[in-house]
Amino acid sequence: MKLDSMYQDVILDHYKHPHGRGLRDGDAEAHHTNPTCGDEITLRVRYDGETIQDVSYEGQGCSISQASASVLNELLVGKELPEARRIQDTFLELMQSKGQIEQADIDVMEDVLEDAVAFAGVSKYPARVKCALLSWMAWKDATAQVFSEKERGAA
Amino acid sequence: MKLDSMYQDVILDHYKHPHGRGLRDGDAEAHHTNPTCGDEITLRVRYDGETIQDVSYEGQGCSISQASASVLNELLVGKELPEARRIQDTFLELMQSKGQIEQADIDVMEDVLEDAVAFAGVSKYPARVKCALLSWMAWKDATAQVFSEKERGAA
Amino acid sequence: MTSTLPGLLDTEAIRKDFPILDRVVHDGAKLVYLDNAATSQKPTQVLDALADYYERHNANVHRGVHVLAEEATALYESARDKVAEFINAPSRDEVVFTKNASESLNLVANMLGWADEPYRVERGTEIVITEMEHHSNIVPWQLLAQRTGAELKWFGLTDGGRLDVSGVDELITERTKVVALTLVSNIMGTINPLEPIIRRAQEVGALVVVDASQAAPHMPLDVQDLQADFVAFTGHKMCGPTGIGVLWGRQELLEDLPPFLGGGEMIETVTMHSSTYAPAPHKFEAGTPPVAQAVGLGVAVDYLSAIGMDRIWQHEHALTEYAVRRLREIPDLRIIGPDSAEDRGATISFTLGDIHPHDVGQVLDEQGIAVRVGHHCARPVCLRYGIPATTRASFYLYNTPAEVDALADGLEHVRNFFA
Amino acid sequence: MTSTLPGLLDTEAIRKDFPILDRVVHDGAKLVYLDNAATSQKPTQVLDALADYYERHNANVHRGVHVLAEEATALYESARDKVAEFINAPSRDEVVFTKNASESLNLVANMLGWADEPYRVERGTEIVITEMEHHSNIVPWQLLAQRTGAELKWFGLTDGGRLDVSGVDELITERTKVVALTLVSNIMGTINPLEPIIRRAQEVGALVVVDASQAAPHMPLDVQDLQADFVAFTGHKMCGPTGIGVLWGRQELLEDLPPFLGGGEMIETVTMHSSTYAPAPHKFEAGTPPVAQAVGLGVAVDYLSAIGMDRIWQHEHALTEYAVRRLREIPDLRIIGPDSAEDRGATISFTLGDIHPHDVGQVLDEQGIAVRVGHHCARPVCLRYGIPATTRASFYLYNTPAEVDALADGLEHVRNFFA
Ligand SMILES: Cc1ncc(COP(=O)(O)O)c(C=O)c1O
Ligand SMILES: Cc1ncc(COP(=O)(O)O)c(C=O)c1O
């Protein structure tokens, strides 16, 4: 069944057992919504220099948006910012691939994305791509806040 | 040619040699326009009791609207108000007939309408019916002003 | 069991008019279209009318002396006659064509903002709506309130998905200029009791705007019976094309109120210094109207009338009764809104345990079943019931009891999938 | 003689795409459709796309997870891509779908009335338009001026039917907030020199709104070259369906300016107390959009682009040159507007002695020749030239030199008829 390509076991696992869920202290917070379906996420980031100390979040949404936040937490916490950005870019590329991406390319991406390659199947469903990206956009936003504040502080 | 049914000689005659054109003194005046084509008429009525002493008019418009004003002048001047109303009603009926009216009925109308039966052919052309009615609507309006003022005066 | 439902239409015959219903999706699933509250499908009669319009009669309307222009104008204006008759309008001149219900509602809100006394909405006056309105009947009034300083108030909802009209006398006051509310909820299907509200509005001299977007397609609509001042609805939900809406308004109001959009067709005379406006409905139809779409809507109401609006209503009522029964058998399923078939339309929203509606919709889709998920442009209702979103199934004249069964079976499958 | 015109398209092939052009009217006259400035005819490619949309993909857009909703959304949004490319918009998000050009223009006028500084039109500020605007680019600004207390000013016309830009520095001042003008006159065909006007507007920080309704169908249109802030046009004049218009606006303006119509689709989040709005273009697309019509317009611009806008322009230019030549041979015929083919589009207005245009149009119609008569929603132009109305012939990609001949011969017949 084609659906299984979207609802990979990895995704359902993350959905049922989310990593790092809950709001904890952070340096910046972003609240994103998906107006088409009402999904919402509040996400906080905490940095130590360029190292991601924590990504905490709370929200409501479908399995895809919830699992994606969980995967994000798992992937990014502990990473340096440039590496995290590379992961985010790769994830974005995967999600925008409209299901057209070759298995070989997916295999390459897997090195970067780990569990998150499981979202490849979601890219075929335009309405769901936004769900998968919700937490990533919130992360990008919160991170931008942190570093633009630092820059302002430095300036 | 079907056009000849609209552009009867009578109509073209009235168009080229209009009766009673020009603005003279009156008891009331109405200005009507046809926004779809820019036709305009200013029309004045003068009454002696219920007798129509004069209908004078000025305006610009197509052959149909000009001829119709001329025919109106010819038909109504000298008539008593109830008779004039009957003529106006008959003309309205003819114009709203969408070209569906029987020749026999037209013949009956001719007693009332005289030259104005020539407009029967116009009723087939919805866009032109408004042209033919323009002066008649202005006459009705000006007449209503005269008699509502009289009533107010009387009350 | 399903064959015994009373009041059903001959859907086998009707479905032949809707080619899209034969579509097969996802390599083999037969389409079960239950998203009618979002938009309806179109019968070939309407599509043929569109093609015929464009292939034989297309011209701009109202300003031509040539054959095509006369034919197009006659077709366009006769669509107005048909719609007027469909809603039993006292006069065809009370039917204004817009692009959709949203424009119709914005039109009224804007008119009232620019109107003279006694209609003018301004600081110190009040606008009353309800908590179950579609965003298209909320946001225009919020904008009007913000822009004029008027106060926006609303009727709340009962736990059972009904309008709470108990406070009608306090909500609608001497300061109220306009009350805007929906006849049928697009998310819960609730049919609202307009009578006490309209009575109170008339008492205080407030205008009443009825959003009939979810009523006009499904039940007989008689604007004279309704006693409202304005009624809005939209073509695409009632077998008509996209791009066409209707605003019915009482003649003297349309005459008294100022125009909304300015442009060609809506004027009487224009100089650079000032303009005068054509009489209604043209005053409110600036620019080239959606001619083909109006013609299509005319044929759509012919189509619905030929079947009969009361028969369509009965058919949907029977389906709703059956659907409520079947849905209530599903564990963890919670109907949001009236959980019986009484005083409700054929639109049913629900949640299924803690499975997010997005996931419900996706797994149903895979089986060919098209439902809508989300807040259905009625987010305050979701807030009211403390849920992020709902799954909504909505039926129309071509739906069958077998499709209700497909939905119920599909939902079982969803439960298993996420178990 | 006609076969030697340079730059003509292969009209024989093109006309096969337009079934309506084979119509016979008035018991035997072949249709000669010269009313293209009012609306164009539609190629079968567009009609097939409409039918295919309704028969296979119809659903409401943007909010569904089911197949039809995804297909409909993809089709609708790809129409936006096509239109963006057609006008060389820097971003697809700058393309707003409306119902017609009139709505596009009203949208801008309303936004500017409700905007914050520095865009806000209010008492003490000025709006500049021209005397050759279509009513749809006059009345919205008159309404805005009336409602805000701003002053409305305009460029006049020369005797030769050109915009008189000599006073540009005095007309457009530091108080000017917005300059709105047409690229091509719908009554005289005049092409306006926008450059000096836009330069001056930029100097004083005024926004420029270009009405491209008569340009987009007929010539290459590049909104980046144009350097305007907003550009409006309408689908039905460019081989698209009725019921669809376009507003292009610079992204930062669309972001900064307030919404116009409120409703579904244009919001981000709604509570009863307040709402936030979706990013452009959705912020300006309240309610269910004209989905099928946008899809049709997308196919129309594909159609036009495949032929090539520069080739269409050359074709029309050749026809115009020939038509001006033929018309000038007719005694008592006076062209209103430029009487050569220089800097003008394929729309020619004229008077014929003192025969009223209504009569001219009627007698031409009897011969199958469809022209428009009246003030063409540009009454100030008629006032300017002291005439009640004009007869207007306007050409498009499917018109032929033989149809120009038919017009010229038809006009001779008119003269004889009323001689
Ligand atoms: C120059 C111009 N502007 C605006 C319009 C208005 O277009 P629409 O009627 O489609 O709104 C037209 C055509 O009618 C036009 O020719
Ligand atoms: C109750 C209700 N009102 C208004 C609307 C708006 O209709 P449209 O989107 O056609 O403007 C809808 C449908 O979307 C609706 O269901």
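Just so it is clear: chains get the letters A, B, ... in the order the sequence lines come, proteins before strands, and each one is counted from 1.
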Between L68(D), L105(D), V46(D), the one whose heavy-atom pairs under 4.5 Å with chain C are most numerous:
L68(D)

Would you mind checking which part of V61(C) comes under 4.5 Å of any heavy atom in chain D, side chain (CB onward), backbone (N, CA, C, O), both or neither?
backbone

On the 0 to 90° scale, with breaks at 30° and 60°, tag the H66(C)-Y33(D) ring pair as parallel, tilted or perpendicular.
perpendicular

Parallel, tilted or perpendicular: ring planes of H62(C) versus Y76(C), cut at 30 and 60 degrees:
perpendicular

Part of L107(C) within contact of chain D (heavy atom distance under 4.5 Å)
neither

Give a yes-or-no answer on whether the side chains of T271(D) and H273(D) include a donor-acceptor pair shorter than 3.5 Å.
no

Could you look at R147(D) and say if it's the side chain, the backbone, both or neither that has a heavy atom under 4.5 Å from chain C?
both

Chain D contact via I129(C) - which portion, at a heavy-atom distance below 4.5 Å
side chain

Less than 4.5 Å to any heavy atom of chain D: does that hold for the side chain of V270(C), its backbone, both, or neither?
both

Can you say whether L47(C) sits under 4.5 Å from chain D via the side chain, the backbone, both, or neither, judging by heavy atoms?
side chain

Heavy-atom pair with the smallest gap, counting every atom of L21(C) and K30(C):
O-NZ, 3.4 Å

Can you tell which part of D35(C) gets under 4.5 Å to a heavy atom of chain D, answering side chain, backbone, both or neither?
side chain

Which atoms of T130(C) approach chain D - backbone, side chain, both or neither, heavy atom under 4.5 Å
backbone

With only heavy atoms counted, which part of Q142(C) is less than 4.5 Å from chain D, the side chain, the backbone, both or neither?
side chain

Counting only heavy atoms closer than 4.5 Å, note whether E71(C) contacts chain D via side chain, backbone, both or neither.
side chain

Going by the angle between their ring planes, with limits at 30° and 60°, are H375(C) and H135(C) parallel, tilted or perpendicular?
tilted

For L31(C), which atoms come within 4.5 Å of any heavy atom of chain D: side chain, backbone, both, or neither?
side chain

Between T44(C) and chain D, with a heavy-atom cut-off of 4.5 Å, which part of the residue counts as in contact: side chain, backbone, both or neither?
neither

Counting only non-hydrogen atoms closer than 4.5 Å, does S40(C) touch chain D with its backbone (N, CA, C, O), its side chain (CB onward), both, or neither?
backbone

Using heavy-atom distances under 4.5 Å, tell me whether P289(D) contacts chain C through its side chain, its backbone, both, or neither.
backbone

Pair F260(D) and Y277(D), ring centroids less than 6.0 Å apart:
no

